[in-house]
Colleague: 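Input: one structure, supplied below.
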Amino acid sequence: NVESEPHDEL
Amino acid sequence: MNIFRFAGDMTHLISILVLLLKIYATKSCSGISLKTQELYALVFLTRYLDLFTDFISVYNTIMKLVFIASSLAIVWCMRMHRVVRRSYDKEIDTFRHYFLILASFLLAVLVHEKFTFQEIFWAFSIYLEALAILPQLVLLQRSGNVDNLTGQYVFFLGAYRAFYILNWIYRYFTEQHFSRWIACLSGIVQTALYADFFYYYFISWKNNAKLQLPA
């Protein structure tokens with residue numbers, strides 16, 4: 001599963 | 001968050017402070033590319049669309065707001081400030097940055113993590129950030145002499161990228177899940193663009209001489 005995660009880097 | 005990521009964020013912040021200091025203290029933006037600054041403003045505005053949808057941490061939110069506000073302030077100063085704008089090297093800052101925007105957008109439409117408005121703009125901002133330093137590097141090369149604060153600005157900006165690479169290496173070994181390949185590949189390209197500048201920066205530092213780039 002490739003559920004996109006929130007981007008935690010700036 | 002690991003120490004490399006934090007060091008990267010801090011050197012990024014320092015680079016912006018150095019640039020603001022230069023503009024504020026000398027009332028001059030000579031040697032600074034407005035094209036690059038406009039690209040950064042666009043990078044932050046399109047990347048941080050998630051300010052409205054995802055909450056990561058107070059730290060992330062504040063940093064995002066700082067990056068957006070400072071990049072807009074710098075563009076405003078260089079375009080609108082009565083005194084500062086006079087020192088802008090308009091004649092040599094002629095890089096056609098619209099092509100970078102177009103190329104980044106096309107690439108983002110083709111290569112993204114997910115076909116959604118936000119993810120395409122996130123990928124666009126990553127690609128554009130990788131290329132955004134080009135007008136600045138070209139301007140420095142054309143003007144030859146680089147004043148101290150401008151040199152330090154570009155140095156810290158490059159250091160920020162180098163720390164982010166160390167951060168990804170660290171995360172690769174400490175986290176099982178790894179899905180930031182778009183950011184990593186673009187980040188490596190972005191850091192490589194600084195290689196030449198770093199080389200001359202360290203030579204001038206070693207010889208205790210003024211930073212000069214070969215024409």
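Here is the naming used below: chain letters follow the sequence lines, and residue numbers restart at 1 for every chain.
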Colleague: A:His7 pairs by side-chain contact (heavy atoms from CB on, under 4.5 Å) with which of B:Glu119, B:Gln118, B:Arg47?
Modeller: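 That would be B:Glu119; it is the only one of B:Glu119, B:Gln118, B:Arg47 passing the side-chain contact (heavy atoms from CB on, under 4.5 Å) with A:His7.
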Colleague: Does any non-hydrogen side-chain atom of A:Pro6 lie less than 4.5 Å from one of B:Asp50?
Modeller: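 Heavy-atom side-chain distance check fails, nothing below 4.5 Å.
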Colleague: Is it the case that over 12 heavy atoms from other parts of the model lie below 6.0 angstrom from the CZ atom of B:Phe198?
Modeller: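 Yes - once you tally the heavy atoms of other residues, nucleotides and ligands closer than 6.0 Å, there are more than 12.
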Colleague: Please determine if A:Asp8 and B:Arg5 form a salt bridge, counting it only when a charged side-chain N lies under 4.0 Å from a carboxylate O.
Modeller: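 No salt bridge links A:Asp8 with B:Arg5.
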Colleague: Look at atom OH of B:Tyr59 and say whether more than 12 heavy atoms of other residues, nucleotides or ligands are closer to it than 6.0 Å.
Modeller: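 Counting neighbours around OH of B:Tyr59, more than 12 heavy atoms of other residues, nucleotides or ligands fall under 6.0 Å, so yes.
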Colleague: Report which part of B:Phe55 has an atom under 4.5 Å of a heavy atom belonging to chain A: side chain, backbone, both, or neither.
Modeller: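 Contact with chain A: none, neither part.
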Colleague: Sort B:Asn60 into side chain, backbone, both or neither according to what part of it lies under 4.5 angstrom from a heavy atom of chain A.
Modeller: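 Contact with chain A is through both the backbone and side chain of B:Asn60.
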Colleague: Does the distance from a Lys or Arg side-chain N to an Asp or Glu carboxylate O, for B:Arg171 and A:Glu9, drop under 4.0 Å?
Modeller: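 Yes, B:Arg171 and A:Glu9 are salt-bridged.
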Colleague: Counting only heavy atoms not in B:Asn2 (residues, nucleotides, ligands), do more than 12 fall under 6.0 Å from its CG?
Modeller: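 Above 12, so yes.
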Colleague: For B:Lys64 and A:Leu10, run side chain to side chain contact (heavy atoms under 4.5 Å, CB included): C-alpha distance rounded to whole Å, both residues' side-chain angles, the deciding distance at 0.1 Å, then the answer.
Modeller: CA-CA 7 Å; B:Lys64 286 171 179 174; A:Leu10 290 167; 3.7 Å; yes
Colleague: Which atoms of B:Tyr48 are under 4.5 Å from chain A, going by heavy atoms: the side chain, the backbone, both sets, or neither?
Modeller: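 B:Tyr48 touches chain A through side-chain heavy atoms alone.
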